[in-house]
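The block underneath contains the structure these notes are about, expressed in C-alpha cells.
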Number of protein chains: 2
Amino acid sequence: MPAKPKSADIAFRKHDHRRCQRQLMSAAKRLCEVRQLRLTSRRRQVLEILLASHRPMGAYDILAELNRGGAVDRIAPPIVYRALEFLVAEGLIHRIESRNAFICCIQPGHQNGAQFLICRDCERIAELENSDRSLLAEANSLGFEVDHSVVEITGLCAECQKHAG
Amino acid sequence: MPAKPKSADIAFRKHDHRRCQRQLMSAAKRLCEVRQLRLTSRRRQVLEILLASHRPMGAYDILAELNRGGAVDRIAPPIVYRALEFLVAEGLIHRIESRNAFICCIQPGHQNGAQFLICRDCERIAELENSDRSLLAEANSLGFEVDHSVVEITGLCAECQKHAG
DNA sequence: GGCATAATGTTATATTATAACGTAACCTAA
DNA sequence: TTAGGTTACGTTATAATATAACATTATGCC
C-alpha cells in the first residue's frame, strides 16, 4: 500500500486524484456505518461534488451542480444546506469561514483543529495536520473550554508566486 | 500610569471601559495622522459604535445604531461597509469571519495575526496576542507566502461555564 | 401494517454584501 | 481662487448567502 499523500500535496502538488476520491468516499461510507448514520443519496451527491475537485465551493455552486442537466424540478437551497450541515457535523467536509465555502476533508472524521492554507490566486486550499497546541493551552489557562477552532491562513502558494513574477 | 489591561481581561474581566474607549479612539486618531489618513466623521462614528461595547456587531447592527434617533434620511449599507473596510484595512477593527461581524481592535494598527476566543454563550470575544509561530513556519516550509491569518476559537468562557453549570 | 423518527421537498423570506453611478468635500498648484 | 484631480460619501438597486416554517416522503421498528 502506497503512502498516504501528505495534506498539502493534495492541494498544491500532484496526486492520484481518482484514487483519492474513491478512498475518501469509502471512508465516508465506513464512518457512517460505524456511527449508524445515513449517507443518503443527497448527502452522497453533495459529498461527490466536493470530492470531485478538492476545491472550495459555495453552497450555491453546489446547488448549481446538482441542478445541472436541466431537470425540470430544480432543487432549492435548504436541501444543499442540510446536506452540508450533516457532512460538516460528521467531519466529512469543512466549512471555510473566510470564504463562505465548503471543501472536502482529507482526514474524514477528524472534526477538530483543521488548519488551512488558502491561496488567494488559484483558490486552492491545503489542509494541514494540526501541530500547534500553544493557543489551546492559552485558552485553557483562561478557563476557556474550546469547542471548535477556525484557522485559515490566506496568501500566495508557491506555484502562484512563480506565475505572479 | 496603570498597566495596560491584558487582552483577555478586556473581554472576560473588569476593566475601566470609559478610559479604554478614550484611549483607543486617541490611538486611532494618532495612527491616522501618522499615516496621513482621514478619520472622517463617518469612520469615527462607526469606530465609536464598536468601541462602545467591545462586542462583535454585524454591519447591519451598526447600521441600525447609526440610524437610531429616527433621522428621516436613513443611511444605506454601503456607507457602513465602506467605513468598516477602512477600519479593518488600518487595523483599527477586526472582522470575525465565523460570525460575519466586526469588533474593535485593542492593539490598534497591528493588522496581522490576531487570535480570538469567542464565547458561544455570552458572545464576548477575547483578542489574544499571537504566540504561536509553528503554523507560519509550516506555511513557509511549503513556500506559502502568508498575507493574513484568521484564528477564531469558539467555546465557552469561564464565566459562562459557571452559569451553564 | 401502524407508528415514530429522520430526511427531503417547497415556499417564502431573512441576512449579509456589493455594483454602479452620482454628488460633495478636500487638496493643491498654477 | 479656482480648475482639476482625488477621496469619501450618498443612493438605488440587486447579488449572494442562509434559514424559518411547514408539507411530504422514506426508513426503521414493533
Side-chain angles (χ1 to χ4, degrees), chain A residues 28-29 31-50 55-67 71-90 92-103 123 150 152, chain B residues 28-29 31-33 35-50 55-67 71-90 92-103 120 123 150 152:
Chain A
K29 280 178 186 162
L31 185 148
C32 287
E33 260 169 43
V34 170
R35 295 186 185 169
Q36 311 214 58
L37 299 168
R38 290 155 62 190
L39 188 58
T40 62
S41 74
R42 276 289 179 233
R43 290 166 177 175
R44 197 160 8 82
Q45 269 184 300
V46 169
L47 181 56
E48 250 154 25
I49 289 168
L50 286 169
R55 292 187 184 238
M57 297 180 76
Y60 280 74
D61 297 332
I62 294 167
L63 185 59
E65 200 62 29
L66 285 171
N67 278 330
V72 181
D73 294 328
R74 331 214 97 215
I75 70 171
I79 290 178
V80 171
Y81 279 100
R82 285 193 291 232
L84 291 169
E85 182 183 33
F86 171 85
L87 295 167
V88 168
E90 299 308 325
L92 298 171
I93 66 176
H94 298 287
R95 181 177 164 87
I96 305 296
E97 297 290 349
S98 58
R99 298 284 175 130
N100 297 326
F102 300 85
I103 192 168
E123 309 222 293
V150 170
E152 302 174 6
Chain B
K29 281 179 185 158
L31 184 148
C32 286
E33 261 170 40
R35 296 186 184 168
Q36 311 213 58
L37 299 168
R38 290 156 60 191
L39 189 58
T40 61
S41 75
R42 276 290 181 231
R43 290 166 176 175
R44 198 161 5 84
Q45 269 183 300
V46 169
L47 181 55
E48 249 155 25
I49 288 169
L50 284 170
R55 294 188 184 234
M57 297 181 76
Y60 281 75
D61 297 332
I62 294 166
L63 185 59
E65 200 61 29
L66 284 171
N67 279 330
V72 180
D73 294 327
R74 331 214 97 215
I75 71 171
I79 291 178
V80 171
Y81 279 101
R82 284 192 292 231
L84 291 169
E85 185 183 30
F86 171 85
L87 296 167
V88 168
E90 300 308 324
L92 297 171
I93 66 175
H94 298 286
R95 180 177 164 86
I96 304 297
E97 297 290 348
S98 58
R99 297 284 174 130
N100 297 326
F102 300 84
I103 192 168
R120 65 164 194 267
E123 310 221 292
V150 170
E152 301 174 4

(request) Could you point out which residue of A/L63, A/I49, A/I93 forms a side chain to side chain contact (heavy atoms under 4.5 Å, CB included) with A/M57? (result) A/I49

(request) Measure the distance from CZ on B/R99 to C1' on C/dT15 and round it to the nearest whole Å. (result) 15 Å

(request) Using a 4.5 Å cut-off on heavy atoms from C-beta on, say whether the side chain of A/E97 contacts that of B/V150. (result) no

(request) With heavy atoms under 4.0 Å as the rule, sort B/R44 into base, sugar-phosphate or nothing. (result) nothing

(request) Take nucleotides 5-11 of chain C nucleotide by nucleotide from the 5' end and write B, S or -, depending on whether a protein heavy atom sits under 4.0 Å from the base, only from the sugar-phosphate, or from neither. (result) -SSBBBB

(message) How close do A/L39 and A/R44 get, counting heavy atoms only, and between which atoms?
(response) O-NE, 4.1 Å

(request) Check for a donor-acceptor pair, side chain of B/R42 on one end and backbone N or O of B/R82 on the other, with a separation under 3.5 Å. (result) no

(request) Measure the CZ-CD distance between A/R35 and A/E90 for me, rounded to the nearest 0.5 Å. (result) 5.0 Å

(request) Report the distance from atom CD of B/E85 to atom P of C/dT18, rounded to the nearest whole Å. (result) 8 Å

(request) Any chance you could measure B/H94, atom NE2, to B/L50, atom CG, to the nearest 0.5 Å? (result) 11.0 Å

(request) Starting at atom OH of B/Y81, determine the distance to atom P of C/dT18, rounded to an integer number of angstrom. (result) 7 Å

(message) At less than 3.5 Å, do the side-chain atoms of B/Y60 and the base atoms of C/dA17 form a donor-acceptor pair?
(response) yes

(message) Just verifying a value: how many Å separate B/I75 CD1 and B/I62 CD1, rounded to the nearest 0.5 Å?
(response) 10.5 Å

(message) Rounding to an integer number of Å, can you tell me how far B/I96 CD1 sits from C/dA17 C1'?
(response) 18 Å

(request) Measure the spacing between OG1 of A/T40 and CZ of A/F86 and express it to the nearest 0.5 Å. (result) 7.0 Å

(request) Tell me, please, the opening and closing nucleotides of DNA chain D, 5' to 3', among those with an atom under 4.0 angstrom from a non-hydrogen atom of chain A. (result) D/dT17 to D/dT27

